[in-house]
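Quick caveat, the model's predicted, so the values are computed rather than measured. Residue numbers count from 1 along this sequence.
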Amino acid sequence: MPNEGRKRQVDVTRIAFPTDTLTLGQIRRDEPSWFEPESFIKDQSLWAANITATLAMEYVLARKAFAKASGQPDPHPERNREEMMHLIDDAYRRYRLSSGRKATRELVRTFEAAATTQALGRSQ
């Protein structure tokens with residue numbers, strides 16, 4: 001069998017993440033200086049890095065939840081969930097995806113639950 005011996009992984013394309021709702025217009029309203037013509041090239045790497053880091057944190061948390069539910073080892077043991085929650089809370093507040101720590105925890109629980117559902121082989 002072709003998949004024999006391969007570790008199952010979460011399909012992040014089937015999970016709704018809070019950042020899915022972000023638009024360039026929203027980012028431009030929240031971080032207008034990033035889009036000023038004289039600083040766009042310089043700041044483009046900054047905002048791209050911020051957005052990319054937020055997406056990466058979502059994926060890491062989803063992968064951790066999937067692995068835990070499927071009995072696999074933590075794919076990112078070097079990443080502490082509580083530290084990541086603090087960082088993702090800052091990002092979600094910056095982009096107005098969350099109103100505070102409690103709301104952020106609920107947002108994260110939602111996509112972790114979706115990853116867990118996948119791991120358990122249930123439909124979403």
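Taking each heavy atom of Ala67 and Pro73 in turn, the nearest pair found is CB-O, 3.5 Å. Of all heavy-atom pairs spanning Ala115 and Ala62, the tightest one is CB-O, 3.3 Å. Heavy-atom minimum distance, Leu97 versus Pro18: CD2-O, 3.6 Å. Of all the heavy atoms in Thr21 and Gln26, the pair that sits closest is O-OE1, 3.6 Å.
One distance of note links CD1 of Ile88 with CZ of Arg94; it measures 11.5 Å at 0.5 Å rounding. Taking CG of Asp30 as the reference point, atom CZ of Arg96 lies at 4.0 Å (rounded to 0.5 Å).
There is no path of hydrophobic side-chain contacts, each under 4.5 Å, that joins Leu120 to Val12.
Counting only heavy atoms from C-beta outward, the side chains of Met85 and Arg105 approach each other to under 4.5 Å. Residues Met57 and Tyr92 are not in side-chain contact: their nearest non-hydrogen atoms beyond the backbone lie 4.5 Å or more apart.
Judged as a side-chain contact (heavy atoms from CB on, under 4.5 Å), and not counting sequence neighbours, the contacts of Val60 are Lys64, His76, Arg79, Met84. Arg93 is linked by a side-chain contact (heavy atoms from CB on, under 4.5 Å) to Asp89, Arg101, counting only residues two or more places apart in sequence or in another chain. For Ile51, the side-chain contact (heavy atoms from CB on, under 4.5 Å) partners are Leu22, Ile27, Trp47, Leu55, Tyr95, not counting sequence neighbours.
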Full working for side chain to side chain contact (heavy atoms under 4.5 Å, CB included) between Glu112 and Leu61: CA-CA 7 Å; Glu112 285 177 331; Leu61 290 169; 4.1 Å; yes
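With respect to Phe111, the side-chain contact (heavy atoms from CB on, under 4.5 Å) criterion is satisfied by exactly one of Ile15, Thr116, Val10: Ile15.
Checking side-chain atoms of Gln72 against main-chain N and O of Arg8 turns up a donor-acceptor pair under 3.5 Å. Checking side-chain atoms of Asp20 against main-chain N and O of Phe17 turns up a donor-acceptor pair under 3.5 Å.
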